[in-house]
There are 2 protein chains.
Amino acid sequence: MFEKGGEKLARNKHPEETVNLILDVASRLFMEKGYEHTSIQDIINHLGGLSKGAIYHHFKSKEDILYAVTDKMTEQSNQMFQVICDRTDLNGKEKLETMFRESLNRSVQDDIFTVAPSFYNNPQLLFSLLHETIEISAPDYIQPIIEQGMADGSIVAKHPKQLAELISLMANLWMNPMVFDDSVEETYSKFMVFDQVLKGLGLDIVDEEILSRMQELTTIYQNSK
Amino acid sequence: MFEKGGEKLARNKHPEETVNLILDVASRLFMEKGYEHTSIQDIINHLGGLSKGAIYHHFKSKEDILYAVTDKMTEQSNQMFQVICDRTDLNGKEKLETMFRESLNRSVQDDIFTVAPSFYNNPQLLFSLLHETIEISAPDYIQPIIEQGMADGSIVAKHPKQLAELISLMANLWMNPMVFDDSVEETYSKFMVFDQVLKGLGLDIVDEEILSRMQELTTIYQNSK
DNA sequence: CAATACATACCGACCGTTGGTATGTATTTA
DNA sequence: TAAATACATACCAACGGTCGGTATGTATTG
């Protein structure tokens, strides 16, 4: 009958909406207050009528919610990475370039940055993100591309797994202004060092477009604080 | 009268012994069970008679204990770094080399490795270590040395602060077998990539002694598990 | 050299909050 | 209509932390 409208419904016909609601609320609170200072009760209070039973019906623990939240955060990125991986018109090096460019473009117009959170006092969230980076992003997306580049001759490297890890670590964590609360200048310097490192590894993938996107991104983040 | 002997004393004349006892017990438990799965009661149970009042007399919170623990963990390293920093017979590059060598030598005979802990499911401990690395180790010890090297001509670089951060991050976290549960081979590969990165940055400081120490260290760690 | 005054070290009962569970009930679906 | 789903509610043990109190030290003073 009145399934849409946001009114207090005894039961949602589309449980995925409830799951998403919980995830959205949890995301926001985890960012604002930090994971360990967000209680289940906090989440319930922002759920608009739903109760603890709803949460523990869809998630088995608070930690489980955290994993789902970070999963959702990296989901879009990983999807985009997959699309680039599957392209056949690019060699390895070109794919890497494309990934960096796309990552930055996406971040510029991303919701996350309008909230201006900080992972700095959020060990669990940061850790979960680190986990995603090392266990999924690096081995599933970056490493295969490096290996393709080694095969097609566009990339010269020796230890693709470790190289993929290091690059992912630098790009996703070290250079992420949400993790390290850097000024525009500091982020720029990091990017210059990053560029130099990649060049030293035979990966000359940082062009002017990537660089200008990077500066734009940092400025946005700074202004939103 | 009987101030020494370990017997249950109503009051310890040397309170620092009590503080150290708490720190030692907490260290062990944090490593074994993880920070968030170690309760204050757990610590009390291993204190041999001391109570909750004792803990909260010396520390203002559980978090405070964590910070004291990581402080103690990096204290020795930092002291050694300071000594090397103060030497006048070495140029910047030589100091960096010495620091890496000494770090590895120290780790080989270190207590920590005999416990075979893992930071992997220990977000808070890992984070606290990251904090020490970025906020203290890098800016206070590595960065000044790089700047000295830039001044005396032994190091060619452009962004000493960021360079120091990146090097510290790689050395203290990424290549730390306690953080990432790598095999001997993987650690070796990481070290090779690390070496290549440093060479690309104009820092050719990894020699054969450092390399063999690294392998020794990883083997010790693997066997102790 | 006591008596006094205060600081330190520690005890353990107690408190509010927490993450989590057990059970009940209304609604959907097969 | 029976089973499965989507919740609500009442409840629990354990947690981090506080607090009033006590015993033991040291510093001051007459």
Side-chain angles (χ1 to χ4, degrees), chain A residues 1-26 29-30 33-69 121 123-125 128, chain B residues 1-26 29-30 33-69 121 123-125 128:
Chain A
M1 299 290 157
F2 30 48
E3 47 185 82
K4 269 272 173 71
E7 245 57 54
K8 269 202 267 187
L9 225 51
R11 180 177 171 174
N12 197 333
K13 226 183 218 172
H14 308 283
E16 54 177 41
E17 286 177 8
T18 304
V19 170
N20 282 329
L21 176 62
I22 295 172
L23 251 29
D24 286 347
V25 169
L29 291 177
F30 288 169
K33 315 176 45 168
Y35 171 77
E36 70 184 331
H37 294 115
T38 301
S39 67
I40 297 290
Q41 191 57 48
D42 277 335
I43 299 176
I44 295 167
N45 293 149
H46 289 81
L47 241 34
L50 283 165
S51 74
K52 186 175 280 196
I55 292 181
Y56 279 93
H57 173 69
H58 293 291
F59 300 94
K60 67 183 236 283
S61 68
K62 189 187 170 187
E63 224 182 329
D64 195 37
I65 299 177
L66 175 64
Y67 296 147
V69 163
N121 278 95
Q124 292 91 345
L125 194 56
S128 194
Chain B
M1 295 294 154
F2 32 43
E3 47 185 81
K4 270 272 173 67
E7 244 57 54
K8 269 203 266 185
L9 228 49
R11 180 178 170 172
N12 197 333
K13 225 180 207 175
H14 306 285
E16 54 179 43
E17 286 177 8
T18 304
V19 171
N20 281 328
L21 175 62
I22 295 171
L23 250 31
D24 286 347
V25 168
L29 291 177
F30 287 170
K33 313 176 45 168
Y35 172 77
E36 71 184 331
H37 294 113
T38 300
S39 68
I40 297 292
Q41 192 57 47
D42 277 335
I43 299 177
I44 296 166
N45 293 150
H46 289 81
L47 241 36
L50 282 166
S51 74
K52 185 175 280 195
I55 292 181
Y56 279 93
H57 173 69
H58 293 291
F59 300 93
K60 68 183 236 282
S61 67
K62 190 187 170 188
E63 224 181 331
D64 196 36
I65 300 177
L66 175 64
Y67 296 147
V69 164
N121 276 96
Q124 292 90 346
L125 194 56
S128 194

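Note that the coordinates shown come from a computational prediction; the quantities given were computed from them, not determined experimentally. Order of the sequence lines sets the chain letters (A, B, ...), proteins ahead of strands, with each chain counted from 1.
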Q.
Could you check whether Lys62(B) makes a cation-pi contact with Tyr35(B), meaning its NZ or CZ is under 6.0 Å from the centre of the six-membered ring and within 45° of the ring axis?
A.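 Geometry flag: set, cation within 6.0 Å and 45°.
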Just the rounded figure in Å: distance from [atom2] of [N] to [atom1] of [X].
X	N	atom1	atom2	value
Ile40(A)	dG16(C)	CD1	P	22 Å
Ile44(B)	dT18(D)	CD1	P	14 Å
Lys52(A)	dG24(C)	NZ	P	19 Å
Gln41(B)	dA13(D)	CD	P	16 Å
Glu16(A)	dC7(D)	CD	P	12 Å
Leu21(B)	dA9(C)	CG	P	15 Å
Leu47(A)	dC7(D)	CG	P	10 Å
Glu36(A)	dT17(C)	CD	C1'	14 Å

Does the side chain of [Y] come within less than 4.5 Å of [X]'s, by heavy atoms?
X	Y	value
Glu63(B)	Gln124(B)	no
Phe59(A)	Ile40(A)	no
Leu66(B)	Leu125(B)	yes

Q: Kindly indicate, with the supporting measurements, whether the criterion side chain to side chain contact (heavy atoms under 4.5 Å, CB included) is fulfilled by Gln41(A) and Asn45(A).
A: CA-CA 6 Å; Gln41(A) 191 57 48; Asn45(A) 293 149; 3.1 Å; yes
Between [X] and [N], does any side-chain N or O lie under 4.0 Å from OP1 or OP2?
X	N	result
Thr18(B)	dA9(C)	no
Ser39(A)	dT17(C)	no
Ser51(A)	dT9(D)	no

Q.
Show me the pairs that pass salt bridge (charged side-chain N to carboxylate O under 4.0 Å, His left out) and involve residues 45-61 of chain B, at least two apart or across chains.
A.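 As it turns out, there is no salt bridge (charged side-chain N to carboxylate O under 4.0 Å, His left out) pair with a partner in residues 45-61 of chain B once direct neighbours are skipped.
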Q: Report the residue from Ile55(A), Ile65(A), Ile43(A) that forms a side chain to side chain contact (heavy atoms under 4.5 Å, CB included) with Val25(A).
A: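 Among Ile55(A), Ile65(A), Ile43(A), the one meeting side chain to side chain contact (heavy atoms under 4.5 Å, CB included) with Val25(A) is Ile43(A).
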**Q.** Expected output: side-chain Thr38(B) to main-chain Leu29(B) donor-acceptor under 3.5 Å
**A.**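 Yes, the answer is positive, given that a donor and an acceptor are paired below the 3.5 Å cut-off.
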Q: Would you confirm whether Asp42(B), through its side chain, and Ser39(B), through its main-chain N or O, come within 3.5 Å as a donor-acceptor pair?
A: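 Yes, because the side chain of Asp42(B) sits within donor-acceptor range (under 3.5 Å) of the backbone of Ser39(B).
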Q) What parts of residues 55-69 of chain A reach DNA chain D, counting only heavy atoms under 4.0 Å away? A)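 Per residue number, the list reads His57(A), His58(A).
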Q. Which angle, to the nearest 10 degrees, lies between the helix axes at the two ends of the helix from dC1(C)-dG30(D) to dA30(C)-dT1(D), each defined by five pairs?
A.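 Answer for the end axes of this duplex: 10°.
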